[in-house]
Amino acid sequence: MTKWVLFFGNANAEGSAEQKELLGGKGAGLAEMTNLGIPVPPGFTMTTEVCTYYYSNNKRYPDELKEQAEAAIARVQEIMGRTFGDADNPLLFSVRSGAKVSMPGMMDTVLNLGLNDRTVEGLAKMSGDPRFAWDSYRRFVAMYGDVVLDMKPGKKTDDDPFDSILEAVKRETGARYDTDLKTEDLRKLVSLFKAEIKRQKGVDFPEEPIEQLWGAIGAVFGSWMNDRAVAYRELYQIPGDWGTAVNVQTMVFGNLGDTSGTGVGFTRNPALGDNAMYGEFLMNAQGEDVVAGIRTPRPIGELKTSVPRAYDQLLEIRRKLEKHFRDMQDFEFTIENGKLWMLQTRTGKRHPFAAARMAVDMEAEGLISKKEAVMRPEADGIAAFLAPIFDSEAKARALREDRIIAKGLPAGPGGASGCVVFNAQDAEEWKKRGEKVLLVRKFTSPEDIRGMDAAQGILTAQGGMTSHAALVARQMGKVCIVGCGALNIDYAKAEMEVAGKLIREGDLLSIDGFSAEVILGKLETRPSEVLQVLRGELDPNNSKNWGQFIKLMSWADEFRRLEVWTNADTPGQAETAVKLGAQGIGLCRTEHMFFEGDRILHVRRMILSEDEAQRREALMKLFPMQKKDFMGIFKAMEGRPVTVRLLDPPLHEFLPSQEALKPEVFAQKVKDIAESFNITSEEVEERIEALHENNPMLGHRGCRLGISYPEIYEMQVRAIIEAACEVAKSGIPVNPEIMIPVVSAAMEMEIVGKQVRSIADAIISSSGIELKYLVGTMIELPRACIVADRIAREAEFFSFGTNDLTQTTCGISRDDVKSFLGTYIAKNIYSIDPFQRIDREGVGELMKMAVAKGRAEKPGLKIGICGEHGGEANSVEFCHSIGLNYVSCSPFRVPVARLAAAQAALKEVERRGG
Ligand code: ADP
Ligand code: MG
Ligand code: MG
């Protein structure tokens with residue numbers, strides 16, 4: 001015989017926590033707590049199988065259900081010494097829904113079920129408090145009408161019929177609060193409520209408790225298929241055949257006076273992770289009063305003075321729950337005349353920062369193993385340790401004052417405030433003057449880099465999570481919001497309109513990179529403790545966060561197989577990355593160095609050159625600067641591999657853009673360039689014109705430039721290798737890897753590879769020292785994946801450039817993806833943003849092919865990834881699974897990648913049953 005009903009009570013439950021599918025989350029938690037000997041009001045759970053039976057049998061219940069329910073009721077009655085429906089000593093129930101996962105749209109809980117004109121007198125006698133009894137009764141009738149008979153208005157703005165009646169009676173009797181109503185007023189309410197039910201529904205309110213019970217049970221099962229629940233399941237892809245369970249549970253009363261109350265809590269602080277009970281409660285209250293916001297609840301610590309015994313008991317239960325579930329719990333409780341009852345427990349949701357901190361604490365407490373501690377937090381959450389933070393008080397005030405004006409995409413976590421400026425140059429100048437600025441742009445481009453660096457935070461109107469702004473922000477560890485469509489920026493007037501508010505240059509603004517909210521005015525921030533320690537501003541012994549961070553990271557390192565490298569262009573970034581655990585540089589973008597100081601002048605000179613001789617002359621000016629940069633980076637990396645990418649972007653990116661600039665600004669820039677090079681403005685414009693490309697991303701860039709103008713790569717290789725030799729001579733080991741971009745044909749690799757090696761070898765042999773270096777390629781075009789075996793003959797390593805590989809594989813420009821990606825994801829054409837997370841079935845398959853072909857030709861070929869995906873947890877897992885050697889990501893993502901790599905390795909072991 002199928003067991004449709006599972007009993008719980010008196011330290012003995014038929015179900016357990018393992019049976020979430022069958023009992024729903026709530027039922028499973030109640031059963032488990034009961035078995036643990038924790039006081040839980042007795043009751044029973046009708047399983048989710050009843051629900052599925054009901055829907056596959058024309059909304060009929062299984063034959064045995066009634067009998068099993070009656071037997072369970074009898075057991076509860078016996079334990080409680082009360083009888084359901086009894087006039088003298090009535091047992092009351094709550095009826096609570098509960099699917100496997102908690103689901104809005106399901107029926108609300110009905111409390112005080114079993115009251116009628118007879119049992120209410122019994123309750124009055126039992127409690128010695130007729131007012132309480134009638135108050136419970138009128139609540140029940142209204143709740144039954146709203147929830148079971150569906151009289152609650154669909155729209156929040158419409159009046160609840162029972163509330164309207166209540167208000168009318170209060171007016172009539174001159175009562176200000178519900179609590180001012182006398183017993184006879186409450187009596188009157190009950191009969192008015194019943195009349196309203198009759199009027200609206202044409203039925204009598206069911207007096208018979210058993211009828212009430214089956215009515216409520218039917219409403220729970222019915223609610224499984226209501227529109228709201230169905231829509232929610234669709235959104236979160238919850239299968240419709242899971243079904244919901246129904247919990248029928250003895251009522252306990254938190255509204256019996258000054259030694260009664262109700263509350264909710266967490267076994268630890270869910271926002272910060274501290275190992276302290278956290279929650280709130282109300283005395284003399286029932287049900288959802290705590291969360292309803294009618295009365296202001298009190299912090300749970302105060303329970304210690306209100307009902308000390310219950311508080312101690314709660315602490316003990318908290319310990320028991322955590323020990324048993326080995327995780328933070330989120331719980332509900334009620335105190336009836338000083339006696340504590342637990343009504344719910346489940347694993348609590350937490351801030352990613354809290355998740356990581358808790359995991360480390362729980363390991364130390366012996367609650368979980370090191371492996372579990374590494375597996376617990378979402379890898380992305382670890383980034384929170386590095387983010388500057390807004391003061392929580394300040395944020396709450398801003399919300400109250402209605403200063404949160406827009407929302408975008410959270411591209412760089414943390415909080416930042418400053419004066420608004422609308423271009424990069426101003427950002428630099430204002431900063432020099434000692435101002436803190438927020439750089440606000442429609443979008444950013446490479447020439448904004450220094451301004452971005454000068455800004456506290458970056459806010460853009462366009463672009464997604466992999467836009468230039470987002471990428472740079474992560475690399476610099478800047479607070480950043482991108483794609484904030486509500487900004488209407490007018491560069492010419494240096495102002496923007498946002499949600500009807502005008503914001504001018506210099507106005508104070510704040511951005512919260514955790515929630516992606518834009519806030520008017522200034523909010524106080526602080527740098528994270530971990531960064532303070534890294535910068536030597538805080539004693540590590542005085543920072544709990546630091547200790548936790550370092551511990552978690554070192555555990556992750558024990559388990560991971562993937563190495564974690566970083567994308568860094570300056571010695572400073574390299575140093576930070578090493579401190580955060582980077583084992584090498586996977587991408588050093590030489591072109592970023594071209595924007596430093598007055599270098600751009602020489603770069604432009606080189607670009608504007610008419611012949612090779614002129615070009616070489618300009619390159620000679622750049623040479624010492626590049627060499628110095630590389631020396632700095634090699635020193636900072638102390639022998640760790642440093643992968644330098646030879647010049648990649650199309651040349652015109654280094655010239656002023658006619659499209660992006662206002663005509664007069666463009667003309668001025670052209671004039672400046674012409675003057676400094678002693679040529680005419682026309683010549684400059686002609687050259688800019690000549691360099692113009694219709695589709696520069698697929699144009700004259702990468703190794704194509706290196707092949708057209710070999711002297712450019714020649715200069716760069718000389719700078720790299722000479723720098724390496726000099727640093728090596730000074731006794732610091734060096735490990736340069738030279739990377740050739742945008743290769744699509746084996747011949748390209750062959751031509752450029754030969755050139756690089758002949759230059760490098762000549763320098764090394766004349767320097768008289770031994771220096772090992774590698775020459776490899778980026779794999780960032782589909783064709784390169786397809787001919788990877790042939791490319792591997794010439795390449796000593798591969799590095800996937802998944803940003804370009806994604807653009808070219810999908811045929812989607814990442815700068816334009818935003819206009820349709822939303823629709824695509826909604827229609828499930830793409831399930832994810834392929835620029836954020838590796839598109840496994842497309843791009844990923846090409847990567848697999850390249851790995852297989854590359855290693856077939858050259859077993860043991862070193863392969864990594866240097867696209868931004870290298871710092872995204874899911875993509876890191878994929879890189880692990882296809883056997884890459886390393887992932888490389890922005891310095892501030894290094895900890896995320898370390899944790900993600902460890903989790904990938906542990907999951908693999910688990911899958912293999914190890
Ligand atoms: P939700 O899923 O919305 O949290 P619950 O079923 O947990 O709904 O019920 C909401 C609240 O009703 C609980 O937090 C508790 O305060 C109250 N409640 C539920 N069952 C009982 C009961 N048997 N005795 C007293 N209060 C109860
Ligand atoms: Mg609720
Ligand atoms: Mg609840």
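We count ligands from 1, going down the list as the structure has it; atoms in each ligand are counted the same way. Computed from a predicted model, the values in this text were never measured in an experiment. Position 1 is the first residue of the sequence; numbering continues from there.
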**Q** Quick test of your reading of the structure: of Thr109, Asn247, Val110, whose heavy atom lies closest to atom 5 (P) of ligand 1?
**A** Thr109
**Q** What part of Met251 sits under 4.0 Å from ligand 1 if we count only heavy atoms: the side chain, the backbone, both or neither?
**A** both
**Q** Before we go on, tell me: are the rings of Phe193 and Phe162 under 6.0 Å apart, centre to centre?
**A** yes
**Q** Give a yes-or-no answer on whether the side chains of Arg319 and Thr267 include a donor-acceptor pair shorter than 3.5 Å.
**A** no
**Q** Going by the atom numbers of ligand 1, which of them fall below 4.0 Å from some non-hydrogen atom of Thr262?
**A** 16 (O)
**Q** Strictly under 2.8 Å of the Mg ion (ligand 3): which protein N/O/S atoms qualify?
**A** Glu332 OE1, Glu332 OE2, Gln344 OE1
**Q** When you check the side-chain N and O atoms of Asn275 and Glu365, is any donor under 3.5 Å from an acceptor?
**A** yes
**Q** Would you check the N or O atoms of Thr334, main chain and side chain alike, for any that come under 3.5 Å of an N or O of ligand 1?
**A** no
**Q** With a heavy-atom distance limit of 4.0 Å, tell me whether Gln344 approaches ligand 1 through its side chain, its backbone, both, or neither.
**A** side chain
**Q** Ignoring hydrogens and geometry beyond distance, is a side-chain donor-acceptor pair present between Thr334 and Thr262 at under 3.5 Å?
**A** yes
**Q** Report yes or no: does Gln286 have a heavy atom closer than 4.0 Å to ligand 1?
**A** no
**Q** Would you mind listing which atoms of ligand 1 come within a distance below 4.0 Å of any non-hydrogen atom of Leu111?
**A** 12 (O), 17 (C), 18 (N), 19 (C), 20 (N), 21 (C), 27 (C)
**Q** Quiz question: by atom type and distance under 3.5 Å, do the side chains of Asn247 and Thr45 form a donor-acceptor pair?
**A** yes
**Q** Answer with yes or no whether the side chains of Arg96 and Gln344 bring together a donor and an acceptor at under 3.5 Å.
**A** yes
**Q** If the plane angle is over 60° it's perpendicular, under 30° parallel, otherwise tilted; pick one for Phe331 and Phe333.
**A** tilted
**Q** So Phe7 and Val76, side-chain contact (heavy atoms from CB on, under 4.5 Å) or not? Walk me through it.
**A** CA-CA 9 Å; Phe7 170 83; Val76 176; 3.7 Å; yes
**Q** Are any of the N/O atoms on Lys26, whether in the backbone or the side chain, positioned under 3.5 angstrom from an N/O atom of ligand 1?
**A** yes
**Q** Verify, without hydrogens or angle tests, whether Tyr137 (side chain) and Leu186 (backbone) share a donor-acceptor contact under 3.5 angstrom.
**A** no
**Q** For a salt bridge (charged side-chain N to carboxylate O under 4.0 Å, His left out) with Lys170, tell me which candidate from Asp180, Asp178, Asp163 qualifies.
**A** Asp178
**Q** Is the shortest N/O to N/O distance between Val252 and ligand 1 below 3.5 Å?
**A** yes
